[in-house]
Amino acid sequence: MKIKEHKHTASDPIKRLAPSPSVRFGAKGLCLVVAAGDSVRAGQLLAVSPREDRFAKHVCSPYNGSVVQIQPDVVVHGEPDVVVATGSHVAPLSLAPEYIVERAKVAGIVGMGGGAYPTHLKLTTGLPVDTVIVNGCESEPYLTCDARVLVEYRAEVDCGLQLAARAVGASRTLIANAHHGYPGGYEKTLVSEYCGHLVPTGQRPHHVGVIVINVQTARALHQAVCLGRPLLDRVVTVAGGAVGCPGNYLVPLGTEVGHVLKECATDVSKIAAVVLGGPMMGREAQLETTVEAWAGGVLALVPGEIHRPVDMPCIRCGDCLVACPAGLSARHLVLRPNPSLRDCTECGMCQYVCPAERPLVRLLRQAKAKIG
Amino acid sequence: MTETQTPVLHCGRTTKHLHWWVLAALLCPVGGAIWRVGAPAAILVGTAAVAAWLGQVIVTRRVARHDGSIITGVILALTLPATSPFWLSPLGAMLAIVVGKHLAGGAGNTLFNPAAVGRALLMGLVPGVMFAAQWPTDAISTASPLAKEIDSVLVPWVDLFMGDHPGSLADAGPLFVLGGGVVLLLARVVDGWTPLCYFGAISLFSMILPPSGRIEGHAPWLATNPLFHLVGGGTLMVGFFMLTDPVTSPFTRRGRIVFAVTSALFVMLVRTYTVYPDAGVLSVLFANALVPLIDRRTI
């Protein structure tokens, strides 16, 4: 099953988005280190992750300006630091692995391919890792930001890859950019394709000695280690039928989706759905939702582009099983959940092909909750 | 956090789309039947479609769209004798929808093909009508091309394809059924492996099964030429339009291959070793009954 790609922005060079007057971050569960009225510099810490929550991440201000509000969200008024040093690459072998991991943690780097898994945790698996793969497959429809970053900032991605390899002690590094269509970027598939290892059910690639990081995560790692620059912004694909000027934009984290769409000449009246991330695995958003590190896209889709499940009776066609990259039968797992559900990544292929237009991803999530 | 709604994309191949394609494909055999048989065919098919739709409205008490009941009605009508009385097809369609579909579990949950159930019930309830109309004496030919009676005659293969022998409405024009089947395959509405394995297995079994004395005595051509088995007796209708119903066939392609071959074996055993000329629809029900077993072994 080939999925329609919609990658019309693939040849649009990365542009800097006109900045919004303010950026906003959810502070829930974080320890704030600033107060309302404080003036902050770009890169300064706003909040740190509490010791007890290992998945939380540090938040740094992408703006030079002042903190205007801290409840319920931290709002920073000002403008972004436009000077980004480039061309400076530290030799990875001159650094201690622990130093690289610590820089990743302090910089607030998380998986930028959609997972948002803290990178410092990924780099400290506790298991021997021999290969690091940069995932440049970006198979989600519409999204082209990673492909553009690979074209325009290849040296920085390479540097980040070497740093990650140094941090985990891997001897082999790969940039995977094979283009098989969605869901080709699924990391277990990549590992078996590039390394020949099968990742067993319930395990992650590091169990077979491989870690997979996103293109922009690698670049962020380079910036954090070589330039001392925390994760402040990311390249986002802005696309969809309602967008007048689609393309790839460098957007400070914490920018509202509404601002991004306004700057890209979006006809808000035509929007049927706003999606943060890709249309298959991203999240539906409102105009007030802010751009986060994991989100590769801001999509303003018109009615003709989207589909809402209507949940007709299953006709037992078996297409969900054929479409599933993990070889699972969505129909049967929804009826009778079993532990093989742990292989389901919620990629949405079953729902994409289901003739009965069933909300299979939602049903599979409920089934997962049942087996715990 | 609000519940996420992705994926927001769909391939566009929906049940509604599939139903329209099946109806479009059915236009071929229906058109063929009307051309060969005339107004009675139009009446049989039309009343069956209306009765099936009404049956669904009555049982579910709502006007369902695209639930496939009209398809069931039309398929049932096509399996009825061309010379059926006018009330036979609406009665059969009602039985198919009410008993075969909704009493048996409803849309998506039936074990047996509703159209096949409708026909089987008709054979049980009004056998006289069903069998009397099955082999009417006719100026062109006297019996089903698969009959193995004393007066069986060899039907020329051109007549076989063009339907110049009486039988079911679908048998009135096997070439048109074949055309409808090609539409289903080209539009990728059905898994092509099911009909291909069914026809392949029928050809194979017709050649390797040792013929009974009855065939050797009265219709020796049935033992040597698979064409009679493929074109006669509604085989095309069963292979293209009945075994391919996704609800009542196995979930995986492997399962569907086993299913098609089993059904073919059943129908060929009946044709070769019993007096009964045909068991196409019964073979559908027989194979349907095995689906849970096949699914358990192949998923």
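Just so we're on the same page: letters track the sequence lines, and every chain starts at 1. Being a predicted model, the structure only gives us computed values, none of them experimental.
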Query - A:Arg316 side chain to B:Ser249 backbone, donor-acceptor under 3.5 Å - result: yes
Query raised in the report: Does the B:Thr14 side chain pair with the main chain of A:Pro355, one donor and one acceptor, at a distance under 3.5 Å?
Result: no
Tell me the closest heavy-atom pair linking [X] and [Y], and the distance in Å.
X: B:Pro246; Y: A:Cys317; result: CB-CA, 3.9 Å
X: A:Pro313; Y: B:Ala107; result: CB-O, 3.5 Å
X: B:Pro7; Y: A:Val361; result: CD-CG2, 3.5 Å

I need the [X] [atom1] to [Y] [atom2] distance, nearest 0.5 Å.
X: B:Cys11; Y: A:Glu357; atom1: SG; atom2: CD; result: 9.0 Å
X: B:Asp67; Y: A:Met312; atom1: CG; atom2: CE; result: 8.5 Å
X: B:Thr6; Y: A:Ile306; atom1: OG1; atom2: CD1; result: 12.0 Å

Report task. I would like to know whether A:Arg283 and B:Gln5 meet side chain to side chain contact (heavy atoms under 4.5 Å, CB included); could you show each step before the answer? Result -> CA-CA 7 Å; A:Arg283 295 190 194 149; B:Gln5 297 290 321; over 6 Å; no
What part of [X] gets closer than 4.5 Å to chain B, counting heavy atoms only: side chain, backbone, both or neither?
X: A:Pro141; answer: side chain
X: A:Cys314; answer: backbone
X: A:Glu305; answer: backbone
X: A:Met280; answer: both

Tell me, for [X] versus chain A, whether the close heavy atoms (under 4.5 Å) come from the side chain, the backbone, both or neither.
X: B:Arg253; result: neither
X: B:Asn109; result: neither
X: B:Leu9; result: both

Requested in this report: With chain A as the partner chain, list the residues of residues 52-62 of chain B whose heavy atoms fall under 4.5 Å from it, by residue number, and write 'none' if nothing qualifies.
Outcome: none
Report task. Taking atom NZ of B:Lys16 as the centre, report whether more than 12 heavy atoms of other residues, nucleotides or ligands fall under 6.0 Å from it. Result ->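 Open.
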Query raised in the report: Are there more than 12 heavy atoms of other residues, nucleotides or ligands under 6.0 Å from atom CZ of B:Arg188?
Result: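 Check fails, neighbour count at 12 or below.
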**Report entry** Candidate pair B:Val8 and A:Leu301, rule side chain to side chain contact (heavy atoms under 4.5 Å, CB included), full reasoning
**Finding:** CA-CA 9 Å; B:Val8 294; A:Leu301 305 169; 3.7 Å; yes
Report summary line: By residue number, those in residues 318-331 of chain A with heavy atoms under 4.5 Å from heavy atoms of chain B are A:Gly318, A:Asp319, A:Cys320, A:Leu321, A:Ser329, A:Arg331
Query - Mutual orientation of the aromatic rings belonging to A:Tyr352 and B:His10 [parallel < 30°, tilted 30-60°, perpendicular > 60°] - result: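 A:Tyr352 vs B:His10 ring planes: tilted.
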